[in-house]
Student: 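Quick one: the structure is below, questions incoming.
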Amino acid sequence: MAVNIFSFVLMGVILYIIYSEKYLKKIYIKSLTLLVLIEMYIECGNFIDLGEFQVSYASLVEVYFCLLSLLIIVYSKCGISRTLMSTILLLVFIMILGILFIYIFPSSHKSGNSIVTWDMAINGASLQNISYNPYMIKQMIQMIMFIIDVVAMSIVFTDKTFINIFTKFCSYTKCIVVIGYLEFFIKYVLKSNAFNAFTQMFLGKTTQAYVSLLARGNGYMLQGFTKESSHYAYVLLISLIALTALNTITKKEVKWILAVLFLMIFAMSFSSYYFIACYILFLLFVKSLNGCTGKNIMKVICLIIVIICLSMILITQVDRIHDSLSTTGFIGRRIVSVIDTINLIINSNWLNNMNYLELSTRVRLGSIYETLKLSLYRPIFGYGICAVTSHGSSTMILCGIGYIGSYLWFKMMIVKSKFIKIMDINGTLLIGVMYFIINLTNSLWLRPFYEMSAIICLYSMTILYNYKNRKDIICD
């Protein structure tokens, strides 16, 4: 049995929140901030480790917060919106139906799952027929807990309440950025593994986490308290979007925005560059669509035409780019690996070809392609939540609960919830599509669809889209 130092710290914080506040609503608000911070930034270590049985820090706080949500729902005098409730019931029904259909209509298709992953398949393991596995129930429970939280928050939070929670989150995010610079100094300047050693001592050891000083190209991998640099890049992206949204209110966050961009660039994760591109693309569309008049519609059309033209030029120059890049540098090696993998996917040979520069690139792009292709065979209800796995969360949700289930999830989040209010259909479509694109290539499984990072990201994107019209936003 192993209990880490941070386990006692976390329990102390939870008890302090409970005993320092008299009212359930105040306990709930403080606990939400804690949950967001733990889910996003603390992946390493476990609250308790009993060998095969482990409870992560995030799992502990998720269960604690869900219990608070149930108390809020039970004791609240405010009713639940009928439209929100009908959306949620349909979503849960589709999740249950997807699992039942595995037994009623067995599939002959093969895929990676929680037992035989795509990483194992590319190393020679045989893919399995899509079928029920116990991990599906775990993910279903996670999703239902998240839905309960969304219902409770819709009851409790006004727009003003949530903006205050959001500003507090951004304040704590700045502390995480400072810690990121400390890690940068230790690894890049001192060339020491002291940061990872401290993480193991304080948070505990974790399987699948990088624990040594890892050089990539001319730099070193930064990961914060997450398991790997791609996960760190994702939480930095959420932080970047949140701080950019806060800057529309305070006009004082530019230095923090630049600080996060710096960390993303030097985290030595290729995902960082993809996320930065998504961030810039979203801001361009926001600027073009805001207050969508006829003139702005022309701006959007011109922006789309420019993107298409640039993409076509890039496609025609792919071979030249491939041949001109050196595979000794980090970025060049990853770009060449991406081009090679795409060519193999086109030739339907990505899984069997053992000649690769970067295994992670091959598995990620290949699994995303296969899962997206599988989603077309059962587009309505899917194969059952987490019956099929992928290194892309968006393709996993499409394949798991189908296109209707995915639509209902977005409807629950950005149409029917009280605290994420988008002014028009253009904003709804933009934010929904961009969230899908952002999560297309990450390796977080379904976490972006049942963790509070989803609410922070969508809320931040909403502020950025609505900021010209959001005269009601006040920071206390």
Side-chain angles (χ1 to χ4, degrees), residues 81-115 118 127-148 150-151 345 366-417 420 422 425 428-442 444-450 454 458:
S81 161
R82 285 186 180 181
T83 51
L84 175 61
M85 201 64 211
S86 61
T87 302
I88 287 169
L89 289 175
L90 276 172
L91 176 58
V92 173
F93 175 72
I94 283 175
M95 287 193 290
I96 294 170
L97 207 60
I99 294 175
L100 290 176
F101 275 11
I102 289 183
Y103 292 102
I104 300 170
F105 305 109
S107 173
S108 60
H109 295 110
K110 296 180 182 292
S111 176
N113 55 33
S114 60
I115 299 169
W118 288 104
L127 292 172
Q128 297 183 340
N129 286 337
I130 299 173
S131 59
Y132 169 81
N133 65 78
Y135 195 73
M136 295 171 66
I137 299 299
K138 180 183 176 183
Q139 293 295 287
M140 179 109 169
I141 292 170
Q142 288 272 188
M143 192 68 84
I144 290 172
M145 286 171 60
F146 178 74
I147 290 170
I148 291 169
V150 169
V151 171
I345 288 172
S367 66
I368 289 168
Y369 168 75
E370 295 294 340
T371 311
L372 191 58
K373 189 169 67 174
L374 281 170
S375 72
L376 299 176
Y377 291 103
R378 290 194 179 181
I380 299 176
F381 301 118
Y383 289 90
I385 190 167
C386 220
V388 173
T389 61
S390 168
H391 281 266
S393 299
S394 294
T395 55
M396 271 189 71
I397 198 77
L398 286 174
C399 214
I401 61 177
Y403 288 79
I404 292 179
S406 302
Y407 163 75
L408 289 170
W409 186 91
F410 279 109
K411 185 179 179 182
M412 174 185 74
M413 293 297 296
I414 62 179
V415 178
K416 298 302 178 185
S417 64
I420 301 177
I422 304 175
I425 187 64
T428 302
L429 289 173
L430 173 63
I431 292 172
V433 170
M434 282 307 304
Y435 194 74
F436 176 89
I437 292 172
I438 285 169
N439 288 291
L440 188 62
T441 63
N442 69 31
L444 293 166
W445 287 36
L446 288 179
R447 284 174 54 193
F449 294 94
Y450 64 69
L458 292 170

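Only this structure's heavy atoms are used, side chains among them; waters, hydrogens and symmetry mates stay out.
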Student: Distance check, rounded to the nearest 0.5 Å: Arg378 atom CZ versus Ile130 atom CD1?
Tutor: 7.5 Å
Student: CG/Asn133 to CD1/Ile115 distance, rounded to the nearest 0.5 angstrom?
Tutor: 5.0 Å
Student: Do Ile144 and Tyr450 have side chains that approach each other closer than 4.5 Å (heavy atoms only, starting at C-beta)?
Tutor: no
Student: Compare all side-chain heavy atoms of Lys411 with those of Thr83 and state whether any distance is below 4.5 angstrom.
Tutor: no
Student: Going by heavy atoms in the side chains, are Gln142 and Leu446 under 4.5 Å from each other?
Tutor: no
Student: Between Tyr435 (side chain only) and Pro448 (backbone N and O only), is there a donor and an acceptor less than 3.5 Å apart?
Tutor: yes
Student: Atom CH2 of Trp409 and atom CD1 of Ile147: how far apart are they, to the nearest 0.5 Å?
Tutor: 10.5 Å
Student: Nearest 0.5 Å, what's the CE-CG distance between Met396 and Leu440?
Tutor: 13.5 Å
Student: The criterion is side-chain contact (heavy atoms from CB on, under 4.5 Å); which residues satisfy it with Ser375, sequence neighbours excluded?
Tutor: Leu372, Leu398, Cys399, Tyr403
Student: Return the minimal non-hydrogen interatomic distance between Ser111 and Trp118, and the atom names on each side.
Tutor: OG-CZ2, 3.5 Å
Student: Quick check against the 3.5 Å criterion: does Ser393 have a side-chain atom that pairs as donor or acceptor with the backbone of Trp445?
Tutor: yes
Student: Return the CE to CD1 distance between Met143 and Ile401, rounded to the nearest 0.5 Å.
Tutor: 5.5 Å
Student: Under a 4.5 Å cut-off applied to non-hydrogen side-chain atoms, are Leu374 and Tyr383 in contact?
Tutor: yes
Student: If I compare all heavy atoms of Met136 with all of Ser131, which pair ends up nearest, and what's the gap?
Tutor: SD-O, 4.0 Å
Student: Got a sec: does the CD1 of Ile380 have more than 12 other heavy atoms crowding it under 6.0 Å?
Tutor: no
Student: Please report, to 0.1 Å, the donor-acceptor pairs under 3.5 Å made by any side chain of residues 92-108, with sequence neighbours excluded.
Tutor:
{"residue": "Ser107", "atom": "OG", "partner": "His109", "partner atom": "N", "Å": "3.1"}
{"residue": "Ser107", "atom": "OG", "partner": "His109", "partner atom": "ND1", "Å": "3.3"}

Student: Got a second to check how far Ser406's OG is from Ile404's CD1, nearest 0.5 Å?
Tutor: 10.0 Å
Student: Using modelled atom types and a 3.5 Å cut-off, is there a donor and acceptor pairing between side-chain atoms of Thr389 and backbone atoms of Gly112?
Tutor: yes
Student: Are side-chain heavy atoms of Ile431 and Met434 found at a separation under 4.5 Å?
Tutor: no
Student: Measure up the Phe410 and Phe449 rings against each other and bin them: parallel (under 30°), tilted (30 to 60°), perpendicular (over 60°).
Tutor: perpendicular
